[in-house]
**Student:** 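Before I ask anything, here is the structure I am working with.
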Amino acid sequence: MTTLFEPAYAKVNLTLDILGVRPDGYHELQTVMQSILLQDDMEIIVGTGEPWKLTCSQPGIPCDGRNLAWKAAKTFCETLDLDPRGLEIRMTKRIPSEAGMGGGSSDAAAVLRALNRHFGEPLSVMELADLGARVGSDVPFCVLGGTAMCEGRGEKLRKLPDMPECYLVVVKPEFSVSTPALFRQIDSVEIYDHPDNRAMEAALESGDLQQVCGCIYNVFDPVVSAEHPELDHIKSIFRAHGALGSQMTGSGSACFAVVRELERAQAMADALKAHDYQVFIAKPV
């Protein structure tokens with residue numbers, strides 16, 4: 001038996017734009033994603049000699065073939081015709097679920113990276129990301145990590161310069177958002193404002209954090225905020241504590257704010273915890 005350990009990092013969307021509906025029914029996206037130092041811990045045991053098994057520290061998470069981590073392992077082994085001779089996946093969850101932070105996708109990506117390393121790296125990083133697209137739309141980015149432009153369904157990746165040094169304060173309110181329902185809803189509304197992804201790329205190239213924060217925008221944010229004023233309350237606390245920029249991530253419901261100093265991040269987090277929100281302080285990774 002061999003035990004593999006792999007971190008699964010959360011992500012936030014610095015920008016997120018919907019360009020239309022594709023012929024296959026999926027939406028054409030353009031989004032700049034950033035991985036952050038908030039992680040699930042993945043332990044993959046290869047060669048157990050037993051039927052496949054998945055356990056999770058968080059109740060309510062599927063522990064069978066519905067789980068993206070299980071699906072990733074199955075896709076990897078079947079595609080490469082590899083037999084792990086029994087497999088166990090142990091997940092320690094920290095990334096909030098139904099938050100728009102890519103928790104399940106990141107877990108799947110961690111399994112792909114670990115198995116690829118264990119079997120002698122038969123796939124390059126980009127080939128592994130392509131394989132991840134068969135598991136879930138955010139999995140390719142989570143395989144790559146860092147800062148990247150993601151297009152198509154999320155499978156078209158282009159590495160971008162690292163986000164400047166900063167801290168992110170991430171808040172998960174109690175409510176969650178149905179991603180399929182939100183996509184259906186946004187199809188029925190006029191999108192008046194779009195992120196300027198070229199400006200975001202230029203800001204990242206310059207390494208100017210203020211410019212980066214000025215380009216943060218997610219087309220889903222106004223739609224979700226209109227139904228959940230709680231997001232505006234969270235962002236008002238962000239602003240009151242000097243956030244350089246803030247936004248909902250993905251399809252929600254988590255929001256994040258960007259600040260330069262750890263002390264400011266801690267003060268902001270303390271103010272938010274007073275309202276009983278789940279709050280995390282993280283750095284780009």
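Numbering starts at 1 and runs along the sequence shown.
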**Student:** Between Lys235 and Glu230, does at least one N-O distance fall below 4.0 Å, as a salt bridge requires?
**Tutor:** no
**Student:** Give a yes or no on whether Tyr26 atom OH has more than 12 heavy-atom contacts from other residues, nucleotides or ligands under 6.0 Å away.
**Tutor:** no
**Student:** Ignoring hydrogens and angles, state whether a donor on the side chain of Ser137 or Arg153 is under 3.5 Å from an acceptor on the partner side chain.
**Tutor:** yes
**Student:** So Glu201 and Arg158, do their side chains get closer than 4.5 Å, heavy atoms only?
**Tutor:** yes
**Student:** Determine whether Cys77 and Trp52 satisfy the following criterion, side chain to side chain contact (heavy atoms under 4.5 Å, CB included), listing intermediate values before the conclusion.
**Tutor:** CA-CA 12 Å; Cys77 292; Trp52 285 29; 4.3 Å; yes
**Student:** Any Lys/Arg nitrogen of Lys93 or Asp40 sitting under 4.0 Å from an Asp/Glu carboxylate oxygen of the other?
**Tutor:** yes
**Student:** How close do Ala109 and Val143 get, counting heavy atoms only, and between which atoms?
**Tutor:** CB-N, 3.5 Å
**Student:** Write down the atom of Ala10, the atom of Ser106, and the distance for their closest heavy-atom approach.
**Tutor:** N-OG, 4.4 Å
**Student:** Minimum heavy-atom separation for Ala99 and Pro96, please, with both atom names.
**Tutor:** CB-O, 3.7 Å
**Student:** Pair Ile36, Met101 - check side chain to side chain contact (heavy atoms under 4.5 Å, CB included), show working.
**Tutor:** CA-CA 9 Å; Ile36 63 172; Met101 299 179 69; 4.1 Å; yes
**Student:** Can you tell me how far CD of Glu6 sits from CG of Asp107, rounded to the nearest 0.5 angstrom?
**Tutor:** 11.5 Å
**Student:** Could you walk me through whether Asp41 and Arg90 pass salt bridge (Lys or Arg N to Asp or Glu O under 4.0 Å), step by step?
**Tutor:** CA-CA 8 Å; Asp41 289 333; Arg90 299 174 181 172; over 6 Å; no
**Student:** With no hydrogens and no angle check, is any side-chain donor or acceptor of Ser35 less than 3.5 Å from a backbone partner on Val285?
**Tutor:** yes
**Student:** Could you walk me through whether Ile281 and Gln266 pass the side chain to side chain contact (heavy atoms under 4.5 Å, CB included) test, one step at a time?
**Tutor:** CA-CA 8 Å; Ile281 297 175; Gln266 289 173 332; 3.9 Å; yes
**Student:** If I take atom CG from residue Leu87 and atom CG from residue Leu54, how far apart are they, to the nearest 0.5 angstrom?
**Tutor:** 9.0 Å
**Student:** Side-chain contact, heavy-atom cut-off 4.5 Å: Tyr9 with Cys142?
**Tutor:** no
**Student:** Does some side-chain heavy atom of Pro7 sit less than 4.5 Å from a side-chain heavy atom of Met42?
**Tutor:** no
**Student:** Under 3.5 Å, is there a donor on one side chain and an acceptor on the other for Gln30 and Asn197?
**Tutor:** yes
**Student:** Determine whether the side chains of Glu88 and Thr48 contain a donor N or O and an acceptor N or O closer than 3.5 Å.
**Tutor:** no
**Student:** Can you establish whether the number of heavy atoms outside Asp81 located under 6.0 Å from its atom CG is more than 12?
**Tutor:** no
**Student:** Kindly compute the distance separating OG1 (Thr249) from CE (Met33), expressed to the nearest 0.5 Å.
**Tutor:** 8.0 Å
**Student:** Step by step, would you call Arg198 with Asp196 a salt bridge (Lys or Arg N to Asp or Glu O under 4.0 Å)?
**Tutor:** CA-CA 6 Å; Arg198 288 187 179 180; Asp196 188 338; over 6 Å; no
**Student:** Are the side chains of Asn67 and Ile61 in touch, meaning some heavy atoms are under 4.5 Å apart?
**Tutor:** yes
**Student:** Quick one: does Met1's side chain get under 4.5 Å of Val46's, heavy atoms only?
**Tutor:** no
**Student:** Take the angle between the ring planes of His27 and Phe183 and call it parallel below 30°, perpendicular above 60°, tilted in between.
**Tutor:** tilted
**Student:** Between the side chains of Glu121 and Arg117, is the shortest nitrogen-to-carboxylate-oxygen separation below 4.0 Å, so that they form an ion pair?
**Tutor:** no
**Student:** How about Arg94 and Ser57: does a side-chain donor come under 3.5 Å of a side-chain acceptor?
**Tutor:** no
**Student:** Should Thr15 and Tyr217 count as side-chain neighbours, where that means a heavy-atom distance under 4.5 Å?
**Tutor:** no
**Student:** Are any of the side-chain heavy atoms of Val279 and Val169 separated by less than 4.5 Å?
**Tutor:** yes
**Student:** Give a yes or no on whether a salt bridge exists between Glu165 and Arg260, defined as a side-chain N under 4.0 angstrom from a carboxylate O.
**Tutor:** no
**Student:** If you round to the nearest 0.5 Å, how far is CG of Leu16 from CG of Asp221?
**Tutor:** 10.5 Å
**Student:** Can you list the steps and then say if Thr147 with Asp162 is a side-chain hydrogen bond (donor to acceptor under 3.5 Å, both in side chains)?
**Tutor:** CA-CA 6 Å; Thr147 314; Asp162 293 340; 4.5 Å; no
**Student:** Could you grab the distance from atom OG1 of Thr3 to atom CD1 of Ile44, nearest 0.5 Å is fine?
**Tutor:** 9.5 Å
**Student:** Examine the side chains of Gln185 and Glu227 and answer whether a donor and an acceptor come within less than 3.5 Å of each other.
**Tutor:** yes
**Student:** Quick one: which of Leu244, Leu14, Asp208 gives a side chain to side chain contact (heavy atoms under 4.5 Å, CB included) with Cys213?
**Tutor:** Leu244
**Student:** Is any side-chain heavy atom of Val258 closer than 4.5 Å to a side-chain heavy atom of Ser246?
**Tutor:** no
**Student:** For the side chain of Ser236 and the backbone of His233, is there at least one donor-acceptor N/O pair under 3.5 Å apart?
**Tutor:** yes
**Student:** Under 6.0 Å between ring centres, would you say that holds for Phe280 and Phe256?
**Tutor:** no
**Student:** Classify the ring geometry between His228 and Phe175 as parallel (under 30°), tilted (30 to 60°) or perpendicular (over 60°).
**Tutor:** parallel
**Student:** Determine whether Leu131 and Phe76 satisfy the following criterion, side chain to side chain contact (heavy atoms under 4.5 Å, CB included), listing intermediate values before the conclusion.
**Tutor:** CA-CA 8 Å; Leu131 184 64; Phe76 181 88; 3.9 Å; yes
**Student:** Hey, what do you get for CE (Met149) to CG (Leu204), rounding to the nearest 0.5 Å?
**Tutor:** 9.0 Å
